[in-house]
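Letters go in sequence order (proteins before strands), and every chain restarts at 1. Here the structure is a predicted model, which is why all the values come from computation and not from measurement.
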Amino acid sequence: MKMGTTNGEIAQLLRRVAAAYQILGENRFKIIAYDRAADSIEHLTSEAKDLWDNQKLSDISGIGDAIAKHLDELFRTGSVQHFMSVFKKVPAAVFPLLSVPGLGPKKAYKLVTELKLDNAAHALDDLEKAIRAGRVAPLESFGEKSQRDILGAIATYRRGLTKENRMELLHADSIAQEVIQHLRKHDSVERVDSLGSLRRRVATIGDVDIAVATKKSDALIDHFLQFPHEKLIERGPKGATLLLHNGRQVDLRVQKPKSYGAMLQYFTGSKNHNIKLRSYALQKGMSLNEYGIKNVKTGQLHEFTSEESFYRALGLPFISPELREDKGEIEQSLRPCGLPKLVELQDIKGDMHIHTNYQFESSHDLGTSSLSEHLEKASQLGYEYIGVSDHNPSITNHTEEQIVEIMKRRKEAYISMFKKYNTNVHMFIMCEVDILADGTLALPEPALEYVDAVIVSVHSSFSQGRAKTTERLLKVLQSHPKVRILGHPTGRLLMSREGIDVDWSAVFALCRKRDIALEINAYPSRLDLPDNLVFEAVKSGNTFCIGTDAHALDHMNLMGYGVSVARRGWTQKRDIVNALEYNDFKKWLVKEDI
DNA sequence: GCCGTTTTCGGCCCGACTGTTTTCAGTCG
């Protein structure tokens, strides 16, 4: 059997091994080890295959000699003998059932054997038929309720509404805002926060988790259940879970104000951060749970109103939620130099990626708002400068001379519009130029005279293969001194398009050498450079320009999404070029002497 | 199977919720 080698595929493979081991009654710590390895791979800062290329596989936390050896075999041969032999001991129909919410290895195995489901390809259909025939309820440890629930869970899965079907951070934010507004109407609410991946500002979100500090838990949960919903999934004294009409799940967690800090910490995760934190605490004789910190010897529980005091009690500084991914943040916080002081939204002095509605025959979409509107907005946001970064003129419909002429007129038009508008905000005339398939700029050299600098971006030929794409990027980055920013470097669109396959270390090295900034595109369906690559690039000394890629006025409000990505990549203010004040930024941007 | 600021052996994060159960197993986060 050929096995996939993307991080997602490897994670699924390891989870299947864990599931098989669980059915086979293996040592439970071995099962946990495989699950943890799967988690690690899934949240990796780069492709596991790249690490393998560089013999760095066992650097991954949770991957030891044994699993590293299996993965080595996977990358070399496309399969793993040992895993195959484990899978053979378990009926194949078990695995598709694991995707159904509420079905784990044990239940899936029981269903498959008792119902004699012998075909993996239509195991779900067979199970559904068995349920409709009432054959599940009589099984030991199942019942009428379970039977109904499994049927519902299969439907949920079929509608694509499982946690595997994630949503953009922006979407999750808007759901969270509605729920939070509703919750605040209850008088007993003392604090409300988002939890989980939403609070850590992960690019895509499974379900929305909300925390409330209140002294009236029951009444508050009742109030939460008034929020319009499709189905109540569960309710207990600590919280409740609703399935909304849009198919999204919202978890509420309530806690008394005096131990709210511990709860916030506990449910913000990530899971691997918490596991590492608890191991660290255990060494100091402390056991952590959602209520506080327990002294292992005396059993005495200390409660915390805030996360800051919670971390302090462990002898640690506050660790920002964006950093809690077990990428070495706990270890780093213990070193003398400590954690980086992360960039903040208010550090941003300008937005360099704005498309206005200036009319010309462009290669891609124009913006919908005017220069003056964008300047007004920039002023409101406290910016010192903006860059107008329309796409280059269409190259198929114009001659070179025409393009030069368009760019000349465009510059004159912008300057004239700018002069009419009285503002303290400075303007740079930029252009977002396509990187053509052969690595040349989609703007003839004479036209570059009419811009201060350009952002170069890939908008076509996304799958040329690694070698060719790398060559393409390296070529364009050296093509002209006015190439200053590499726009949305991977070209990914969340949940719809994979980014380009490139040797990033080579690209990062060249950008550093030529002092070219990597864009962190804040547009919520891009968030590109992705946080994991930002993390890598920071280590190799690169700088970044956070831009909203605004095609409408409101998009300028999305800068915070880019800042979150930057923070998740451990960047500081000094790493962000558009955190420079105007004069310094201008010196950085407008360079002719490379 | 993984891992180390007491350890290369002997531990391994912790609890809630649910359904089917009279004390717990499975699943989830």
Side-chain angles (χ1 to χ4, degrees), chain A residues 14-15 17-19 21-23 25-40 58-71 82-83 86 97-98 100-111 136-150 153 162-163 195-198 200 206-209 211 221 232-241 249 251-255 262-263 265-294 296 301 315 326 330-331 334-335:
Chain A
L14 295 174
R15 287 215 176 86
V17 175
Y21 275 152
Q22 202 165 341
I23 291 163
E26 257 290 358
N27 174 317
R28 69 190 186 95
F29 294 111
K30 192 161 156 183
I31 297 162
I32 291 170
Y34 269 91
D35 268 327
R36 281 200 63 188
D39 278 347
S40 279
S58 32
D59 287 3
I60 303 169
S61 130
I63 307 284
D65 289 344
I67 295 181
K69 210 159 142 269
H70 292 318
L71 293 185
H82 175 64
F83 292 172
V86 173
L97 264 47
L98 296 176
V100 177
L103 289 187
K106 293 285 177 78
K107 284 188 189 175
Y109 179 69
K110 186 146 198 179
L111 289 169
V136 168
L139 299 177
E140 192 196 350
S141 83
F142 289 86
E144 287 295 337
K145 182 75 167 62
S146 306
Q147 180 168 272
R148 254 197 329 276
D149 287 349
I150 294 170
T162 62
K163 53 189 181 301
L195 294 169
S197 52
L198 183 57
R200 300 198 311 279
D207 47 26
V208 171
D209 302 320
I221 294 170
L232 170 62
I233 292 180
E234 66 183 29
R235 189 230 156 106
K238 310 287 174 198
T241 302
Q249 210 165 295
D251 285 2
L252 174 75
R253 297 277 161 185
V254 296
Q255 186 59 278
M263 197 262 275
Q265 197 289 321
Y266 183 93
F267 286 108
T268 295
S270 67
K271 192 171 156 192
N272 283 342
H273 172 85
N274 283 357
I275 288 173
K276 179 131 325 159
L277 193 67
R278 290 189 202 120
S279 304
Y280 166 80
L282 270 183
Q283 291 166 8
K284 298 188 143 200
M286 296 182 271
S287 166
L288 312 182
N289 61 34
E290 67 178 285
Y291 306 107
I293 300 179
K294 203 161 57 181
V296 173
L301 182 78
D326 191 23
I330 295 170
E331 296 86 339
L334 290 165
R335 295 190 187 111

[N] and [M]: how far apart are their [atom1] atoms, nearest whole angstrom?
N	M	atom1	value
B:dT20	B:dT27	C1'	14 Å
B:dG26	B:dT21	P	13 Å
B:dG11	B:dT6	C1'	13 Å
B:dC12	B:dC17	P	25 Å
B:dG1	B:dT8	C1'	14 Å

Could you check which of [options] has an atom nearest any side-chain atom of [X]?
X	options	value
A:Y291	B:dC14, B:dC2, B:dA16	B:dA16
A:Y266	B:dC12, B:dC14, B:dG19	B:dC14
A:Q22	B:dG15, B:dT27, B:dC12	B:dT27
A:P105	B:dT27, B:dG29, B:dG1	B:dT27
A:D207	B:dC17, B:dG29, B:dG1	B:dG29
A:A66	B:dC17, B:dG1, B:dC14	B:dG1
A:K107	B:dG26, B:dG1, B:dG15	B:dG26
A:K238	B:dG15, B:dG1, B:dA16	B:dA16
A:I67	B:dT27, B:dA16, B:dG1	B:dG1

- Item | Those residues that, when tested against A:H273, pass ring-ring contact (aromatic ring centres under 6.0 Å, His included) (two or more places apart) | none

- More 5' along DNA chain B: A:R253 or A:G104, using each one's nearest nucleotide? A:R253

- Query: Given that A:I233 and A:N274 both sit by DNA chain B, which one's nearest nucleotide is further toward the 5' end?
  - Reply: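 The 5'-side residue here is A:N274.
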
- Test log, rule side chain to side chain contact (heavy atoms under 4.5 Å, CB included), inputs A:Q265 and A:N274: CA-CA 8 Å; A:Q265 197 289 321; A:N274 283 357; 3.1 Å; yes

- Message: Restricting to salt bridge (charged side-chain N to carboxylate O under 4.0 Å, His left out), what partner residues turn up for A:R253, sequence neighbours left out?
- Response: none

- By salt bridge (charged side-chain N to carboxylate O under 4.0 Å, His left out) - contacts of A:R28 (at least two apart): none

- Report the relative orientation of the aromatic rings in A:F83 and A:H70; use parallel for angles under 30°, tilted for 30 to 60°, perpendicular for over 60°.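 Answer is tilted, since the angle falls between 30° and 60°.
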
- Message: Is there a side-chain contact between A:D251 and A:L195 in this structure, where contact means two heavy atoms from C-beta onward sitting under 4.5 Å apart?
- Response: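 Not touching, per the 4.5 Å side-chain cut-off.
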
Does the side chain of [X] get closer than 4.0 angstrom to OP1 or OP2 of [N] through an N or O atom?
X	N	value
A:K145	B:dG19	yes
A:S146	B:dT20	yes
A:S279	B:dC12	no
A:K106	B:dC28	no

Regarding [X], tell me which of base, sugar-phosphate or nothing describes its non-hydrogen contacts under 4.0 Å with the strands shown.
X	answer
A:E331	nothing
A:D149	sugar-phosphate
A:R235	sugar-phosphate

- Query: Roughly, in whole Å, what's the span from CD1 in A:I31 to P in B:dC12?
  - Reply: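 Atom CD1 in A:I31 sits about 17 Å away from atom P in B:dC12.
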
- Query: Honestly, is A:K110 close enough over A:F142, meaning NZ or CZ under 6.0 Å from the six-membered ring centre and within 45° of the axis?
  - Reply: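 Here A:K110 fails the 6.0 Å and 45° test against A:F142.
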
Quick test: give all pairs of protein nitrogen or oxygen and nucleotides 3-10 of chain B nitrogen or oxygen below 3.5 Å, distance rounded to 0.1 Å.
| residue | atom | partner | partner atom | Å |
| --- | --- | --- | --- | --- |
| B:dC3 | OP1 | A:G62 | N | 2.5 |

Show me, pair by pair, the donor-acceptor contacts under 3.5 angstrom made by side chains of residues 280-289 of chain A, not counting sequence neighbours?
| residue | atom | partner | partner atom | Å |
| --- | --- | --- | --- | --- |
| A:Y280 | OH | A:K284 | NZ | 3.2 |
| A:Y280 | OH | A:L314 | O | 3.1 |
| A:K284 | NZ | A:L314 | O | 3.4 |
| A:N289 | OD1 | A:Y291 | N | 2.8 |
| A:N289 | OD1 | A:G292 | N | 3.0 |

- May I ask which nucleotide in the shown strands pairs with B:dT8, Watson-Crick or G-U wobble, both distances under 3.5 Å?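 Answer to the pairing question: none, since B:dT8 forms no Watson-Crick or G-U pair.
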
- Task: Ignoring hydrogens and angles, answer whether the base of B:dG1 and the side-chain atoms of A:Y21 contain a donor-acceptor pair closer than 3.5 Å.
- Result: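 Counting by modelled atom types and ignoring angles, no donor-acceptor contact under 3.5 Å is found here.
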
- Item | Those residues that, when tested against A:E234, pass side chain to side chain donor-acceptor pair (under 3.5 Å) (two or more places apart) |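 None.
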
